[in-house]
Number of protein chains: 2
Amino acid sequence: MKLRRSERMVVISNYLINNPYKLTSLNTFATKYEAAKSSISEDIAIIKKAFEEANIGDIDTLTGASGGVIFTPSISETEARTIVEDLCQRLSESDRILPGGYIYLSDLLSTPKILQNIGRIIANAFKGEKIDAVMTVATKGVPLANAVANILSVPFVIVRRDLKITEGSTVSVNYASASSDRIEKMFLSKRSLKPNSRVLIVDDFLKGGGTITGMISLLTEFDSTLVGVAVFAENAQSEREQMTFKSLLKVSEIDVKNNNVVVEVGNIFDKWKKEREWT
Amino acid sequence: MKLRRSERMVVISNYLINNPYKLTSLNTFATKYEAAKSSISEDIAIIKKAFEEANIGDIDTLTGASGGVIFTPSISETEARTIVEDLCQRLSESDRILPGGYIYLSDLLSTPKILQNIGRIIANAFKGEKIDAVMTVATKGVPLANAVANILSVPFVIVRRDLKITEGSTVSVNYASASSDRIEKMFLSKRSLKPNSRVLIVDDFLKGGGTITGMISLLTEFDSTLVGVAVFAENAQSEREQMTFKSLLKVSEIDVKNNNVVVEVGNIFDKWKKEREWT
């Protein structure tokens, strides 16, 4: 397909956006769009500059025989803060409080734009880390893990609380469920995670931390390594064991009687704070 | 932010790709990138041509005070066929057969690139229809519904087979589960679907059709309308009631004894066939 330079840049931009973290050789573009490699190289330079100025992400060029370009999506602190502050407001709506002190989140976690933004923020917080898979527990965590995996271009892995015949052989571990004060089981299909994977765990709501601890012990069963834990919201009131995690939102108060929820930004912004202090 | 024309085109392309089905006024871009509306108009014309030539999608321009541009993602028949034929091969791998004649699909339905492609093909098959939400049943259908909803820019709605306290008030219906020969219940949170919605139902595997029929009866409870049904794979062997649906894949034979699966492309390509006959 032969295109004019401006059209070619639009098409290459589209390719890079839809193929994050993937190394593509300049020759691939040169052949596909019937252009000299040097012209493609100039196109990439302009796209790189535009992506940086608009905070879309970074384009890295690797030279040599196995070289090419890689696009790493990014998000600025300002954009991330605007998104999370808007979520704080949405979460503070008084009609979200359910009997028992739970918060209704399903509408937020089923809106594509919100999920995409959450995915960008979480992926950005682990930039530079090698991640082979994103793990979560069914059902609420699935769209979140999907969103993060989309940005990182890696598969996601779904741990289940029940046994399904369509999963084949599974490995199970016990975990302490704080909400039900019981020991329960979680299952992961044997073929869903390769040994020696580096795994990012993602979940919707962190209370006692039992589910996360369960998933971490599953990683051991699969000879895999934990890269980190990211949650959409943490409950600041919950007592829980020591655990390192990043949260987008922190629910600091749920007052069922007065129908009041207090939500603040989570610790995921501490990273940016640190970066500011360093520079 | 002031950008050069070529950079501006890259940034506007990125915006359109990430905001499908959204009407954005030219003034928004003109203000954001400090450019004349006529320049933006020229940028859009070039992007439109590039998107059409590379089969990325259509850009429509609406004139008038409430006008602007809308991007509708698209996929060519050739690209869709290549994707689905590749999936046919993956599904035919003999080690996918599980005891009981089930097929292991989880690895395919948790790979972002595959999901994005499936989403593009299904959304394309319903192009021109007004769709307010995508409905599915937990857990396997969730990533599929999410993928289709991403392209259509609408929320997705998750029907559950169990009751969760985090869902608030729910509406339930009975459905006949062919696989277990029993009447079972499915639940949908009352706040998850607005009345008078036009809904596309998506699921992973169609056997007896009981789950789909159940979801259709839930639509009635929510005063909503069915736009259509799309499934990742249909089992051609299953006896089922008359039902209109589109399938990407058709599993025509599962031979557990000889470890053999026969998979062909589904009826979603009949649409393209018809279009070819017309022209």
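The sequence lines fix the lettering, A, B, ..., with proteins before strands; numbering per chain opens at 1.
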Quick one: do A:K113 and B:S153 satisfy side-chain hydrogen bond (donor to acceptor under 3.5 Å, both in side chains)? Show the steps, please. CA-CA 7 Å; A:K113 197 76 218 168; B:S153 253; over 6 Å; no
Evaluation steps, side chain to side chain contact (heavy atoms under 4.5 Å, CB included), between B:V10 and A:V10: CA-CA 6 Å; B:V10 167; A:V10 167; over 6 Å; no
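A ring-ring contact (aromatic ring centres under 6.0 Å, His included) check over residues 151-171 of chain A, counting only residues at least two apart or in different chains, returns nothing.
The contact between B:I165 and chain A is made by backbone and side chain atoms together, counting heavy-atom distances below 4.5 Å. When heavy atoms are compared at a cutoff of 4.5 Å, A:T166 approaches chain B by way of both its backbone and its side chain. In this structure, the portion of A:S13 lying under 4.5 Å from any heavy atom of chain B is its side chain and not its backbone. Only the side chain of B:S106 comes within less than 4.5 Å of a heavy atom in chain A; its backbone stays farther off. In this structure, the portion of A:V154 lying under 4.5 Å from any heavy atom of chain B is its backbone and not its side chain. Of the atoms belonging to A:S189, it is side-chain heavy atoms, and not backbone ones, that fall under 4.5 Å from chain B. Of the two parts of A:R191, the backbone and the side chain both hold a non-hydrogen atom closer than 4.5 Å to a non-hydrogen atom of chain B.
Most heavy-atom pairs under 4.5 Å with chain B: of the set A:I12, A:I103, A:L3, A:I56, this distinction falls to A:I56. Interface remark: of the candidates B:L109, B:N150, B:N19, B:N150 forms the most heavy-atom pairs closer than 4.5 Å to chain A. When the candidates B:V142, B:V157, B:T111 are compared by the number of heavy-atom contacts under 4.5 Å with chain A, B:V142 comes out ahead. Across A:R160, A:R8, A:R5, the residue that shares the most heavy-atom pairs under 4.5 angstrom with chain B is A:R160. The candidate with the highest count of non-hydrogen atom pairs below 4.5 Å against chain B, out of A:L98, A:I114, A:V134, is A:L98. With chain B as partner, the option from A:S169, A:P155, A:A133 having the largest number of non-hydrogen pairs under 4.5 angstrom is A:P155.
Every residue two or more places apart in sequence or in another chain that forms a salt bridge (charged side-chain N to carboxylate O under 4.0 Å, His left out) with A:R96 is listed here: A:E93, A:D107. Residues passing the salt bridge (charged side-chain N to carboxylate O under 4.0 Å, His left out) test with A:K49 are A:E53, B:E7, sequence neighbours excluded.
Here the closest non-hydrogen pair linking A:A149 and B:P112 is O-CG, 3.5 Å. Here the shortest heavy-atom pairing between B:V11 and A:A54 reads CG2-CB, 3.8 Å. Counting all heavy atoms, side chain and backbone alike, B:T139 lies closest to A:A138 at CG2-CB, 3.9 Å.
Between the OH atom of B:Y102 and the CD atom of A:E167 there is a distance of 12.5 Å, given to the nearest 0.5 Å. A distance of 6.5 Å separates CG of B:N18 from CD of A:Q116, quoted to the nearest 0.5 Å.
Within a 6.0 Å sphere centred on CZ of B:R4, heavy atoms belonging to other residues, nucleotides or ligands number 12 at most.
Residues of residues 40-47 of chain B that come closer than 4.5 Å to chain A, counting heavy atoms only, are B:I46, B:I47, ordered by residue number.
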